[in-house]
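A quick write-up on the structure given underneath.
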Amino acid sequence: MKNLFRPRLKQDQQNLTLSLDKNNIPEHVAIIMDGNGRWANRRGMPRIVGHQNGMKAVKRTTIAADELGIKYLTMYAFSTENWKRPKDEVDFLMKLPQEFLALEMDELVEKNVQVKMMGHTDALPKYTIAAMEEAVKRTENNTGLVLNFALNYGSRREITESLRTAVQEIASGTLQLEDLNEDWISSRLLTKGIPDPDLLIRTGGEIRLSNFMLWQLAYSEFWFTDVYWPEFSKEHLIAAVAEFQRRTRRYGGLT
Ligand code: FPP
C-alpha cells in the first residue's frame, strides 16, 4: 500500500480535479486522521507538533473537500480509547478545538462551512465543549459543507446507547418491538440527520476501523494511504475520490 502520489504543480491539481466525474462526487467522506505522532517523530519533534500540523491539515482538507463538491466531511479527532494516551498529549488534544476556533475558523466561516460535533460529551473538559459549541453556533446558519468532528467518539458505545434507549422505550410502551428497525437505530445514532459515508479514508498506513462509525460504514468504499495525516493534501483527496469513482457499488446486489 502506498498512495503517496503527490503532483506538485497547481496545473496538475487543476487537471486532476477536472479528471473527476462531477456527477459522482461522494456526498459524505469520513476520515481517520492517523500518523500525526509518527510524522512528528520522524522530524525529531514531540508528538504534539504532529497534532498541531494535523489541525492545519483539517482546515486544508475541509477547503479542498468543499471545492470538490463534497457535502459532509466527518473527521475522527479523538476516540473513546484515546484517553489511554499520556496525560500531556490528551490535554493538548483537548485544547485543540480552542486553537482551531482562534486560528482556523475565520476562513471556514467565510467559506460557508457548517461545524458539527458528534461524541460523548460527558468526559470532555468544559473548555473543549465550549469551544466546539462556539464553532457550531458561529456556523449554524451556514449552508455549505458540513464539517463534523468526532470527538470522544466510540462506535460501540454509540450503538450500545441506542440499544439501551430502545429497550427503555419498549419497556415504557413508547416503542413497539415491530417498529425497531434499521431506520430507527440510524435515527438514534450520533450521526442522526447525516447520510452514511460514501467514502472512508484512513491515513498513516494502518488498515483498520478503530471503533469508527461501524454501523454507518456498512456500505462505504474504503481508501487507505501510507501518508501521515499532517501531509495529507488536496491531491490525496482527489486520488481517493478518483479511486471511489472507479469502484462499482453494488450494495450486495448485482450490476
Ligand atoms: C492520530 O494520530 C490522531 C489523533 C488521535 C488526533 C487527531 C486530531 C487532529 C488531527 C486535530 C483535530 C483538530 C480539531 C480541531 C479537533 P496518532 O497520534 O495516533 O499518530 P501515530 O499513529 O503516528 O502515533
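Both ligands and their constituent atoms are indexed starting at 1 by order of listing. Computed from a predicted model, the values in this text were never measured in an experiment.
- Using a 4.0 Å cutoff on heavy atoms, Gly204 does not count as a contact of ligand 1.
- Annotation: Asn82 places no N or O atom under 3.5 Å from an N or O atom of ligand 1; distance criterion only.
- For atom 24 (O) of ligand 1, the closest non-hydrogen atom of the protein is Arg47 NH1, 2.9 Å.
- With a 4.0 Å cut-off on non-hydrogen atoms, Trp39 does not touch ligand 1 at all.
- The minimum heavy-atom distance linking Met94 with Tyr127 is given by the pair O-CE1, 3.7 Å.
- Salt bridge present: Arg138 and Asp106 bring a charged side-chain N and a carboxylate O closer than 4.0 Å.
- Note on Ile185: it does not cluster hydrophobically with Val167, by side-chain heavy-atom contacts below 4.5 Å among ILVMFWY residues.
- Protein heavy atom at the shortest distance from atom 10 (C) of ligand 1 is Asn36 ND2, 3.3 Å.
- Partner of Phe78 under the ring-ring contact (aromatic ring centres under 6.0 Å, His included) criterion, out of Phe149, Trp83, Phe212: Trp83 alone.
- Across every non-hydrogen atom of Glu169 and Trp184, the tightest pair is OE1-CZ2, 3.9 Å.
- Looking at Arg43, its side chain does come within 3.5 Å of a backbone N or O of Trp39 through a donor-acceptor pair.
- Using a 4.0 Å cut-off to heavy atoms of Asp34, the atoms of ligand 1 that qualify are 1 (C), 2 (O), 17 (P), 19 (O), 20 (O), 21 (P), 22 (O).
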Please tabulate, for the side chains in residues 192-199, all donor-acceptor contacts under 3.5 angstrom to protein atoms that are two or more places apart in sequence or on a different chain.
unit_1: Asp198; atom_1: OD1; unit_2: Arg249; atom_2: NH1; d: 3.1
unit_1: Asp198; atom_1: OD2; unit_2: Glu27; atom_2: N; d: 2.9
unit_1: Asp198; atom_1: OD2; unit_2: His28; atom_2: N; d: 2.9

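- Among all non-hydrogen protein atoms, the one lying nearest atom 14 (C) of ligand 1 is Phe149 CE2, 3.9 Å.
- Nearest protein neighbour of atom 4 (C) of ligand 1, counting heavy atoms only, is His51 CE1, 3.9 Å.
- Taking every non-hydrogen atom of Gly54 and a distance limit under 4.0 Å, the qualifying atoms of ligand 1 come out as 10 (C).
- Using a 3.5 Å distance cut-off with no hydrogens or angles, the side chains of Asn36 and His51 do pair a donor with an acceptor.
- The protein atom (non-hydrogen) at minimum distance from atom 21 (P) of ligand 1 is Arg38 NE, 3.6 Å.
- Ala77 O, 3.6 Å is the protein heavy atom nearest to atom 8 (C) of ligand 1.
- For atom 3 (C) of ligand 1, the nearest non-hydrogen atom of the protein is Met33 O, 3.1 Å.
- Counting non-hydrogen atoms of neighbouring residues, nucleotides and ligands closer than 6.0 angstrom, the CZ atom of Arg247 exceeds 12 such neighbours.
- Remark: Lys234 NZ is packed, more than 12 non-hydrogen atoms of other residues, nucleotides or ligands lying under 6.0 Å away.
- In terms of N/O distances under 3.5 Å, ligand 1 is approached by Arg85.
- Leu96 CD1, 3.6 Å is the protein heavy atom nearest to atom 11 (C) of ligand 1.
- Close contacts of ligand 1 with Trp229, meaning ligand atoms under 4.0 Å from a residue heavy atom, involve 10 (C).
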